[in-house]
Every structure is written in structure tokens, then in C-alpha cells.
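This report concerns only the one structure given below.
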Amino acid sequence: MDKKKFLILAFTLMVIAQLYVPFSMVWESESILAAGTLYKFRTAPIDPNDPFRGKYITLNFKDNICNMANDSIWSQGDKAYCILENVNGFAHIRSLQKSKPEDKDYLYLTIGYIVTVGNENKANLVFPFDKFYMEESKAYAAEKIYRERQLDTIHTTYALVYVKNGVGRLSDVKIGDSSIRDMLK
Amino acid sequence: MKRDIEELLKANVISPEIADAISNYYKQKEISSPNRLVVVFGILGALLVGLGVILIIAHNWDDLARGVKTFLAFIPLVLGQVATGYSIFRKKESTSWREASACFLILAIGACISLISQIYNIEGDLGDFLLTWSLLVLPIVYIARSHIASLLYFLLITYFLFESNSWTHRRQFNFIYWLLFLAIVPHVFFLFKNRKETNFINFHSFLIPISLSFGVGSLAGEFPHLLSIAFIALFSCFYGLGYIYKSSQQGHLSNGFILYGSMATMVTLFIASFQDFWRTMREVIWSASIFQTETFYFALLFFVSAILVYYYYFNDRRSQWRDNLQPIMPVFIVYSFIFIIGQFFPQLAQILINMLILSIGVLTIRQGANMNHLGVLNYGLIIITILVACRFFDTDISFVWRGLIFVSLGLGFFATNFWMIKKRSEDG
């Protein structure tokens, strides 16, 4: 193979590799959003002193704690398959397991920390979809509304997450029935 | 140019015919080369238009459909690939096209992945992102033959190392970093071997030592003191490499290998000059497991590499080896012996290190005087000053004596510089 043909082949492979990475991210995300199961995760108030990050709202979740057996095999930093269930219309972590479940919706998460309360061990789970990106000038106002509404007892704030094959994709943050994006218009 | 030609003509340095020939030559050159001011304003105009378009899109970003946002995210990447392809196949001989398009493509790769992550709210690990980005940049270095790509690659892998080790809060061998480093070595080897692109060589000569130092610093584990040998040997390698590729016209300040190698060696020696260094080393329980650590093998590797570097350097200079021997060059061998002595006699080792630093300082001053080089002379004085300052921290000397010593050092600085300048004016 002469030098020019080799260069063309190498350049083509390089271009394909560079396009493949972002394209595969889009493909996986679109697949989850199109065919994944929709769950509503209730959000919890965040620390108002958390510095403004600029481009996104930081989400905190209410139902990210899971009970574990006392002779737990889990440690901080472990990865776990977290079985999901719907309780009163909102997502809830039912249990953890080490092996991949069959025929159940699950999230593949990291155990943040473990606390012992009385006779029970509880695992705090790290949800990867804790940042909702917005246009920079709107993110601050959105975060302010989001924080204020956490104290609202009438309207529930929650994140819409599509789940497929252990991966969750955040599609929107809702306050009551309204999207936070619409509230800024 | 016209004024210079007239001046030369009046002084009868050149004849009228030669003056005409020179004027015609430069007139031709002006016609064939583009008006640089036009090029600069063109680039500025294009940048402003581009930034304006980006700002308009950014303002309306949230109102755009996801599909549109995704399409827009790919545009810089595709443009960068087209530009790089054009520079490789149509503008082979143009360095500016090659480097500018490669630089744009690298930034576009990062921007595209980041934008897709934002559009789909994908939370990723920064270390994974940097690794992916580095792997996508690596082919650009070789296919586009871009040196800016190589520099950016070094920044990325160093940041990757820092990020992936920071999470563990402890040192561990980062195998991936070393693989990434080895992958760029062929490009760097040919860059230094060809010696044409001196600016890029100089930039690499600063970036490579910094990156490698982070890499070595990420080792340590059970026997952190052993790292000092690895570091000193590594810095000696840099120092020797700096002298191998250094040209006669190049100053020390623009040679990153020499500058970094020298200063980093001195910093390591200053650290080892404190009694705490040897006292804490004694507290480590040395065992045969030291021979199974990465630190030991890296120390050995760099030690052998330094010997080979200096063998290569002095092989071409056998008859003038004394003139080419710099005070810092044999430090890695001397330090290794002192390190072994320190296992049994820590106080003796500390004294020897201080004497080594003093010797380097004095020899550097002498070298500066012989070379008639104020920078080298003052460097030697600074070494001795820092040594004295360090000893103030771990010895009980009264303030009066400290003051007197510093005044003496200051007067020594003035006297030496005055003597050098006077010697120059007498010789000149």
C-alpha cells in the first residue's frame, strides 16, 4: 500500500473514531429516552449555600436510601444493581443485589456511604443524574425556584428519568405538573 | 530597509548596482507575500462573526429541539475534520494550516462530547472524559504531524493522571498514564532528532518534565524516600538530554530540560538536606518487599537511563569531557551513595548532602566566572543562599548571627557581580 493510500485510510479511521464516541452517546441516550421506563424521582432540598455552578441545577433526591441486612456484604464505593419500584407514583429503591437482575427495572449505582440506625444498616446511593443542564443565564433563576419549591408542601418537585438496562437519563424537572423550563418563560 | 540601503550606499559599503538589486528583491517579496494586516483583520473578523453566531445560538439554546442541539454540537467537530483533512491532503507544506486545523479539531472534540453530555444530562467521570479525549487526540499527532496536538496531548494525559489519582487520595501506579506517555514517545523522538522546529522543541522541553514528574510522583507507596532516587535520576536524564540537543546559540532559560533538570535536582537536594528527611527514613521498616515495588523499578530504570544519556553525551566529547562536565551531572550517582549511607548513618548522610549542595554552588559560581556569565554566577550564589536559609530552620543560631550571615551573603552578591561587570568592561 503506498503512503498516500495509507494516509487516507488512517485519516478515515481517525474521523470515524472521533465521530463514533459522541454518536454512541447520542444513540444510547435516545434509545433510553425512546424505549426506557419512565420513573419520577422525588427531589429533596439542597443546601442553599451550595455555590452557584452556573450551568445546571443540582438535584438532591429523597428516596436514595435503601435498607440493608445487618450482615451486609456491601461497603462504601461498591457498585450495586438497585431494583426499582413505583410507590404512589414515585420511584423507590426496593433492594440491592450484586448480580444483574432479569426482567426488572434497575439502576446500576454506587453506594455513597453506609450508616447504622438502631439495628438497621442503610445505604445512601449516588444517583448519576443529579445535574439538570440549562442555558447559563436561566440556570441560576431555575435553581432559585427549585430551592424555594422544596419547601412547598402542596406541589411535589420531581425529576423525570427514563431507565433502561441500568442506565438512567434525566429528561426534565417538574414542579407539580409544570416543567421548570416553562416556569422561566 | 530603504534608509539602510541609502546609508550603506553613502558609506560606499555597497555599489549602486547592488543597492538596486537589493531593492528589487524586496519589492518582489512584498508583491508575492500577502498583506499581513489584511490577514490579521480577516481572522479577527471571522472570529467575531463566529462568536456572534455562537452567542445568538446560546441565547436561544433552551428553545431549540434536542435534535437541533445535537446537530449543532457536531458542526465544530465536522468542520475541524474537514479543515484537518484539507491541510493534510491539499496543504501538506503549510505548517500554519496543519497546526491551526489540528488545534481546532482537538478543541472541537472536547466541545462536542461536552455538549452532548449537557444536552442529554449525562453525568460522566472527568477522568474517563480526559482519557477518551486523549485517545482521540493521539492519532491527530501522527496523522496530521502536528506538534501543537502533541503539546495538548501532554496537557490532557497529565490532567488525566492528576484527576484519576486525586480520587484515591493515595498514590498508586497509573498504568494507563504510562501507556499514554509511551504512545507519544515516537513523535517526540523524531521532533527532537530533526531539530528543525526549535519553538516546539522548547515547549516540549518544559511540558515533558512536568508531566513525567507528576507521573513519578504518583508512585511512592510504602517507601516514599526511595522516590527521591527516582526523581534525582529522572531530573539528571532531563539535564543530560537538554545538553545533548542544545545548540550553541541557545540560552539555558529556553531549554526546559536543562532549566527544569537543574532546578528540580536542587529542590530535591534541599529537601534531603533537612534532618527530618533522614530521621523519617530511619522509621521506615525496610524489607525485601522493596524490590517488588514500582518505585524501585522506576528508580532503577531512570538511573540506568541517566547513565546511558551521559554515556551518549560524553562519547562525542571525549577529549573535552572536563569542559563539558557540569556540576549537576554526577549528582544522581553521588546521591545514590549518600542514600545508602543514610540507612546506617543518617547524620553523616545529612552532612554529606549539605556539602554536596555547597560544592555545586561553589562550582557553579566558578563556572559563571569562567564563562563570564552573570546568570550562571548568580545561580550559584542563590544556591548557597538558599542552603544557608534552610539551615536556619533546623539549627539553633542566634538572630544576630543569622543577620550577620545574611548581610555577608548580600555583600558577597554585590561584590561578585561588581567584580564580574568590572572584568567585562576591562576585557571589552
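Letters A, B, ... are given to chains in the order of the sequence lines, protein chains preceding strands, and every chain is numbered from 1. Please read these numbers as outputs of a predicted model, since none were measured by experiment. Excluded from the calculations below are hydrogen atoms, water molecules and symmetry mates; all remaining heavy atoms, backbone and side chain alike, are included.
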* Asked: Non-hydrogen atoms of chain B under 4.5 Å away: do they reach the side chain of A/I8, the backbone, both or neither?
  -> both

* To do: Answer yes or no: is there a side-chain heavy-atom contact under 4.5 Å between B/R66 and A/E30?
  => yes

* Asked: Tell me, do B/L136 and A/M14 make a side-chain contact under 4.5 Å, heavy atoms counted?
  -> no

* **Contacting moiety of B/I143, where chain A heavy atoms sit under 4.5 Å** => both

* To do: Applying ring-ring contact (aromatic ring centres under 6.0 Å, His included), name anything that partners A/Y133, two or more places apart in sequence or on another chain.
  => A/Y56

* Find the one option among B/L115, B/L105, B/T70, B/L138 whose heavy-atom pairs under 4.5 Å with chain A are most numerous. => B/L105

* In Å, rounded to the nearest 0.5 Å, how long is the span from CD of A/Q18 to OG1 of B/T132? -> 12.5 Å

* Have A/E28 and B/Y120 got a donor and an acceptor in their side chains that come within less than 3.5 Å? -> no

* To do: Decide yes or no for B/E123 and A/D130: does some side-chain heavy atom of the first lie under 4.5 Å from some side-chain heavy atom of the second?
  => yes

* Residue selection (most heavy-atom pairs with chain A, distance under 4.5 Å) from B/C112, B/S117, B/A108 -> B/S117

* May I ask you to name which of A/V21, A/L13, A/V167 has the most heavy-atom pairs under 4.5 Å with chain B? => A/V21

* To do: Pick one of side chain, backbone, both or neither for B/L77, based on which atoms fall under 4.5 Å of a heavy atom in chain A.
  => side chain

